[in-house]
Visitor: 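I have a structure here, written as structure tokens, and I will follow up with some questions on it.
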Amino acid sequence: MNARQEKIIELLRESGGWMKGKDIALVMGVSTRTIRNDVETINASSGGAVIESSFQLGYHLIQHQAPVERTKPVIPQTPDERRSYILKQLLRNRDLNINDLPEKVCVSLFTIESDLRAIRSWLADTSDLRLESGRNRLRLAGDESAKRRLFKQLLSEEAEENFLNLDTLNALYPDFDLIEIRDLLEQCERDQEIEIRETAQSMVLMHVGIALTRVLHFNPMERAEALEDLRDTPQYEAARQFWEKIGQRFQVQAPEPEITQLALLFMGKGSGSYYSADTVPVNGRQVSLNDLTLAMLEEVRQLYGVDMTGNVKLREGLCLHLRGLILRLRDNTQVDNVYLEELRWRFPLIYDMGVMASRKLHDLLGIQLDPDEIGFLALHLGAAYTMNRRLSKYRAVVIFPSDQALGNVVVDKIRSQFQDRMEITEVLHSFEQKHVAALNPDLILTTLPLVHSLPIPTVQLSVFYSQENESQIFQQLNRLDKERQKDVFQHRLRQLIKPEFFRENLEASSSEEVIRKMCEPLTEAGCIPPEYAQAVLEREGYAPTSFAAGFALPHALNVTVQESAIAVAHLDHPLTWGDHQVDFVLLLAIRDEDRELLGIFFDWWIQIISDPLRFGLLKEKNGYDAFVRAILEEK
């Protein structure tokens, strides 16, 4: 199979259902006839039907015949997830058997009937669609365009572009289930009575994911300083116990340095006393790891406007990582980053930070990191960046009329879990709309079933506060993040992408020629200085900004920009850009005062490329106005 045919399989796998041939053709940039021929080739080369065809429905992947990929059945955990699942199944199928649903979502028929009542009520309030049932069958009735709008809404709500979302992050680790690893890790911490804050836990889990990948691919750490006293600590025992469980689970054996590294990460600031010095030898001189880490984070701060220099947990994790990295370089040990491409695809800004941090490492020590090591650096930066970029904490009001002592326990637990994202400004024992409106919160958390007219999202909690409630709050905070970013970005979008910076059928024979031609109108308009194009090329030299989906996002980070702008180009033919073929380019020029736009842009772009149909519309050559409408999702 060729690359296009592999992309067709991946596209159908991601859709999870039927796709029209014309939609696949739009995404792939070819004719429907080419898609038909590709499907025939895929089926013939696989020794059987991999893709099923239907004149009315289009194509879908026969999962048990498809090329093997690590997948896990995802069972909806909350009422919202179950209802979303049922609606998506109704949108993908003509009807459903009610009696089949309890087994699929692991709940009782009584619970399913309750979900269906909620779906009927929600549809009545939000759309022209209706749920019809008879003879144990369910179907979604209404206009086809309304169904498409609903499906699009459900898919967009499903996407969680958050670096701390374990479901999203889990996709980066093809060799194991990160959630299972987290559970093992937390069990060992409990056994040894180690308490680690949630934000620090994400850094520990990141380290463990990297370390386990090394061990499974026969590239473990083999050298570390001897730290005898460390063996007497509960942190060491927790680390030893964890790696022992991992050894039983995966039939591998972790060497002593991996246990030591994890124990030190458990300790946090206390780990410093176990090293004879904060330095490592590099090219005949002693280099301070703390100074090196601060220099790299300062580089990120200056280039992106994201200050992580005060994040102690990040600095501790980076110091440990750099110590191991320098040892690997000294011993010429190669470590493959098996999820590098996935990391670049899902978190392009975070990977870019890793590139710039590695550049600082090169400037200071003359060390040149390969893309795999850059990816590991980016993983360390990712969790800290996600926590850091909250523009401000959300303000929440809690309505808890039940037992006062129980209420205090629940409120304290919520405060502890979400202290980095949300502050509880008031705890009330009854709901009075006028009073709550005067408090002007971003979010209402309540154990009462509330009906009110305030434009404030409300989360219904159990008086005993379950894991389901924690998930509901987390998802609502993510939705608030998205709305905040969407408002800011859409307000600026038309200012950033002007008609004179939009090119269709750009003729070029190389990525360098594309960059220079796209910079020309920006230079003429006074947005960028003449040397900007060369700075973009230098950035490309560290790691190309091309992606497997056929686009590139070139930019420079060390040249003064007079006015922020985004140049767009559809190429007249695909050309080689790094490791990929590219036919669509967005060149970014963001001035220092607008650096927060860089993060917002990448968040928006992830949503675009996660929606194949929307991405296909952007790549169509229909002119500037159609391009902007596709971005803003306007009709």
Side-chain angles (χ1 to χ4, degrees), residues 76-81 160-170 178-190 193-209 265-266 268 311-314 317 382-428 439 441-448 456-484:
Q77 299 295 312
T78 69
D80 284 343
E81 290 175 358
E160 295 287 353
E161 292 77 35
N162 190 310
F163 198 81
L164 297 182
N165 181 337
L166 276 182
D167 289 330
T168 300
L169 199 59
N170 200 21
L178 191 63
I179 296 174
E180 177 188 350
I181 301 304
R182 179 210 52 193
D183 293 342
L184 279 178
L185 190 67
E186 291 180 350
Q187 181 62 55
C188 296
E189 292 167 359
R190 286 193 297 269
E193 299 181 350
I194 298 172
E195 292 187 9
I196 298 179
R197 283 183 58 192
E198 183 183 14
T199 50
Q201 184 75 326
S202 66
M203 296 301 299
V204 174
L205 189 59
M206 195 71 61
H207 168 88
V208 166
L265 203 61
F266 280 146
N311 189 322
V312 176
K313 285 295 177 185
L314 171 63
Y385 165 72
T386 302
M387 300 306 302
N388 192 84
R389 63 182 284 274
R390 310 291 180 199
L391 300 180
S392 62
K393 291 184 181 181
Y394 293 109
R395 301 169 68 254
V397 166
V398 176
I399 317 292
F400 201 110
S402 302
D403 175 74
Q404 182 66 42
L406 183 59
N408 290 339
V409 171
V410 170
V411 171
D412 288 345
K413 190 168 186 178
I414 294 172
R415 279 197 173 109
S416 174
Q417 288 177 330
F418 297 99
Q419 60 185 315
D420 294 298
R421 301 183 64 181
M422 175 182 76
E423 60 178 335
I424 296 175
T425 57
E426 196 88 19
V427 179
L428 306 175
L439 294 172
D442 300 297
L443 181 63
I444 297 172
L445 307 176
T446 176
T447 57
L448 284 175
I456 302 171
T458 302
V459 178
Q460 176 85 43
L461 304 177
S462 160
V463 293
F464 299 105
Y465 189 67
S466 62
Q467 282 188 326
E468 179 180 314
N469 294 151
E470 180 185 349
S471 174
Q472 288 172 311
I473 296 173
F474 181 80
Q475 291 174 31
Q476 184 57 60
L477 291 174
N478 284 347
R479 285 192 283 271
L480 288 171
D481 280 348
K482 290 178 183 178
E483 285 303 312
R484 177 185 276 174

Visitor: Check whether any side-chain heavy atom of T425 sits under 4.5 Å from a side-chain heavy atom of L439, and report yes or no.
Guide: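 No; the side chains remain at least 4.5 Å from each other.
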
Visitor: Measuring from atom CZ of F418 to atom CD1 of I473, what distance do you get when rounded to the nearest 0.5 angstrom?
Guide: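 Those atoms lie 5.0 Å apart.
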
Visitor: Test side chain to side chain contact (heavy atoms under 4.5 Å, CB included) on L443 and L477; report intermediate values, then the result.
Guide: CA-CA 9 Å; L443 181 63; L477 291 174; 4.2 Å; yes

Visitor: I need the minimum non-hydrogen distance between K413 and Y465, along with the two atoms involved.
Guide: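 Of all heavy-atom pairs spanning K413 and Y465, the closest is CD-CD2, 3.7 Å.
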
Visitor: With sequence neighbours excluded, tell me which residues meet side chain to side chain donor-acceptor pair (under 3.5 Å) with Q187.
Guide: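 With sequence neighbours excluded, Q187 shows a side chain to side chain donor-acceptor pair (under 3.5 Å) to R190, D191, given in chain and number order.
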
Visitor: Hydrogens and angles aside, do Y394 and Q476 bring a side-chain donor and acceptor to less than 3.5 Å of each other?
Guide: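 There is no such pair (donor and acceptor under 3.5 Å, judged by atom type) between the side chains of Y394 and Q476.
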
Visitor: Quick one: pull up NZ in K393 and CD in E423 and give me the separation to the nearest 0.5 Å.
Guide: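 Separation between the atoms: 6.5 Å.
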
Visitor: Given side chains that start at C-beta, do those of I424 and I414 come closer than 4.5 Å, heavy atoms only?
Guide: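 Yes, side chains in contact.
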
Visitor: For the residue pair I181 and I179, establish whether any side-chain heavy-atom pair is separated by less than 4.5 Å.
Guide: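 Result no, sub-4.5 Å side-chain heavy-atom pair not found.
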
Visitor: Does any non-hydrogen side-chain atom of T447 lie less than 4.5 Å from one of S462?
Guide: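 SC-SC contact between S462 and T447 ruled out.
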
Visitor: Atom CD of Q460 and atom CD1 of I444: how far apart are they, to the nearest 0.5 Å?
Guide: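 Here the interatomic distance stands at 11.5 Å.
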
Visitor: Heavy atoms, side chains only, cut-off 4.5 Å: are E180 and D183 in contact?
Guide: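 The answer is no, as the side chains (C-beta and beyond) never meet within the 4.5 Å cut-off.
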
Visitor: Would you check if V398 and L428 make a side-chain contact, meaning some heavy-atom pair closer than 4.5 Å?
Guide: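 No - every pair of side-chain heavy atoms lies 4.5 Å or more apart.
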
Visitor: Which heavy atom of L178 sits nearest to which heavy atom of G209, and what is that distance?
Guide: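 Minimum heavy-atom contact is CD1-CA, 4.5 Å.
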
Visitor: Of all heavy-atom pairs between N311 and L314, which one has the smallest distance, and what is that distance?
Guide: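 Where N311 meets L314 most closely, the heavy atoms are OD1-N, 3.0 Å.
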
Visitor: Can you tell me how far CG of L448 sits from CD1 of I399, rounded to the nearest 0.5 angstrom?
Guide: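 Going from CD1 on I399 over to CG on L448, the span is 7.5 Å.
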
Visitor: Does E426 have any salt bridge (Lys or Arg N to Asp or Glu O under 4.0 Å) partners at least two apart in sequence or in another chain, and if so, which?
Guide: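 Expected list: none.
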
Visitor: Can you name the side chain to side chain donor-acceptor pair (under 3.5 Å) partners of R395, sequence neighbours left out?
Guide: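 Listed in chain order: nothing, the list is empty.
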
Visitor: Could you tell me if the side chain of P457 sits less than 4.5 Å from the side chain of L480, heavy atoms only?
Guide: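 Side chain of L480 against side chain of P457, heavy atoms only: contact under 4.5 Å found.
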
Visitor: Is there side-chain contact between L185 and V208, with heavy atoms separated by less than 4.5 Å?
Guide: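 A side-chain contact under 4.5 Å exists here.
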
Visitor: Nearest 0.5 Å, please: how far is CZ in R182 from CD in E189?
Guide: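 Here the rounded value is 11.0 Å.
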
Visitor: So how far is it from I194 CD1 to E186 CD, rounded to the nearest 0.5 Å?
Guide: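 If I round to the nearest 0.5 Å, the distance is 12.5 Å.
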
Visitor: Quick one: side chain to side chain donor-acceptor pair (under 3.5 Å) partners of T446, sequence neighbours excluded?
Guide: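 T446 satisfies side chain to side chain donor-acceptor pair (under 3.5 Å) with no other residue.
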
